[in-house]
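Some notes on the structure that comes next.
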Amino acid sequence: MTLAPMTPLAAMPSPSTAVWQFGPVPIRAYALCIILGIVVACVVTEYRLRRRGVAPGAVLDIAVWAVPAGIIGARIYHVITSPEKYFGAGGEPIKALYIWEGGLGIWGAVAGGAVGAWLAARQLGIPFTVIADALAPGLPLAQAVGRLGNWFNNELYGGRTTLPWGLEVHVMDPDNPGHALRDDAGNPVLQPGLYHPAFLYEALWNIGVAALVLYLDRKLRLGRGRAFALYVMGYTAGRFWIELMRTDEANLILGVRLNVWTAALVFLGALAYFIRVRGPREYLVPVGEPAPAAGPAGDVSQVDLSARDADVRPVAPEGYRVVTEDQFEAYRKTGVLPPVEPPADDEPAPADSAADTATDGDDSADADRADGDGTDPERADAERTNAGRADGGGRPADRDS
């Protein structure tokens, strides 16, 4: 009897080209996947920020800081954890700057992006934890899209397998980066056998992490950065076992890949934060009403009133303050800002409060500030303004979109 060879009935192909020339400009599949992932993360984060009271378009201001910082952090992590390639024997230090040749570490990307988002949060007056929680489901979706770039590059695969979804891996041409090596007949050369598609496992895991964060965030109404901590725990748990599958070269500590240790330590840190930090979900209202953009000048009789509202765009406020969910919902319905909570009893009174107390008994000062009927004109003007704002439906545009 002759036994049939153990040949898999199906396999997952890999692209033989990861770079296309558009004139003198190389178009890299990996870069396109990273850009598409960033777009996905921005769309999800923008939607979630608006639901928490942040003005439209804030995610673009955040991305301006977070994306470059994330790329820099990713490159720094890669260079630090693989220094021999650049500073070892035969290494070229200048190539540490050649980011287009590959080499980005997700751990550095998250850390650097967090620094950039923190700087943006300070500029916009948004609590950093609000941004982190809004980003929590979008970031793993972005990572899932980005992993498709590893497929184009024929990288991030595991050991040999005979499973139907085993991955065909090309031998890439070192003299023609982004292209498979070809034989004399012009056919791309394949590595022998099939391999676990570790990049696909991680992409699917990340989609599951995003779904988990969305579900538990809705069910538990997570706040204070706990939704982001949940994402970190979910991602690192998957990265731990996926990293153990990989067979590409990596630095080892006690015989274990460096990224396995990193995943374990980051998981424990996120778990400690998730357990220790408590508090309701944060909602934001502006510090003062954002003013609409200036309309056209000139004779009011010449203004097209039907087009005026379409031209008005909300202007981002100078800052935000945190309110309860009930206060936020009331603000969305009425457009009236909730009152500022008074300071706690153990907090010192503001300086202007002390001054007011000192002049409470000064009849002459009261007389100077009041009209003949004893009414403070400035306070009356403010009350009339607030009343007109409430009656006129002063709700900012797109606040609940």
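Sequence positions, counted from 1, serve as the residue numbers for this chain.
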Measure from the side-chain N and O atoms of Asn206 to the backbone N and O of Leu141, and report whether any donor-acceptor pair falls under 3.5 Å. no
Considering residues at least two apart in sequence or located in another chain, which fulfil the side chain to side chain contact (heavy atoms under 4.5 Å, CB included) criterion with Ser16? His170, Ala180, Arg182, Pro188
Among residues two or more places apart or on two chains, list those pairs meeting salt bridge (charged side-chain N to carboxylate O under 4.0 Å, His left out) that have a residue in residues 258-283. Asp217-Arg281, Arg224-Glu282
Please work out which of the three classes, parallel, tilted or perpendicular, describes the rings of Tyr86 and His78, given edges at 30° and 60°. perpendicular
Glu318 atom CD, over 12 foreign heavy atoms within 6.0 Å: no
Rounded distance [0.5 Å steps], CZ in Arg52 versus CD in Glu325: 9.5 Å
Once salt bridge (charged side-chain N to carboxylate O under 4.0 Å, His left out) is applied, do any residues pair with Arg226, and if so which ones, sequence neighbours excluded? none
Sequence neighbours excluded, the answer for ring-ring contact (aromatic ring centres under 6.0 Å, His included) partners of Phe87 is none
Counterpart residues, ring-ring contact (aromatic ring centres under 6.0 Å, His included), relative to Tyr195 (two or more places apart): Tyr157
Arg50/Glu46 salt bridge by N-O under 4.0 Å criterion: yes
Pairs meeting criterion ring pair (Phe, Tyr, Trp, His ring centres under 6.0 Å) with involvement of residues 229-274, two or more places apart: Trp107-Tyr235, Trp205-Trp241, Phe228-Tyr231
For Tyr201 and Trp165, does a side-chain donor sit closer than 3.5 Å to a side-chain acceptor? yes
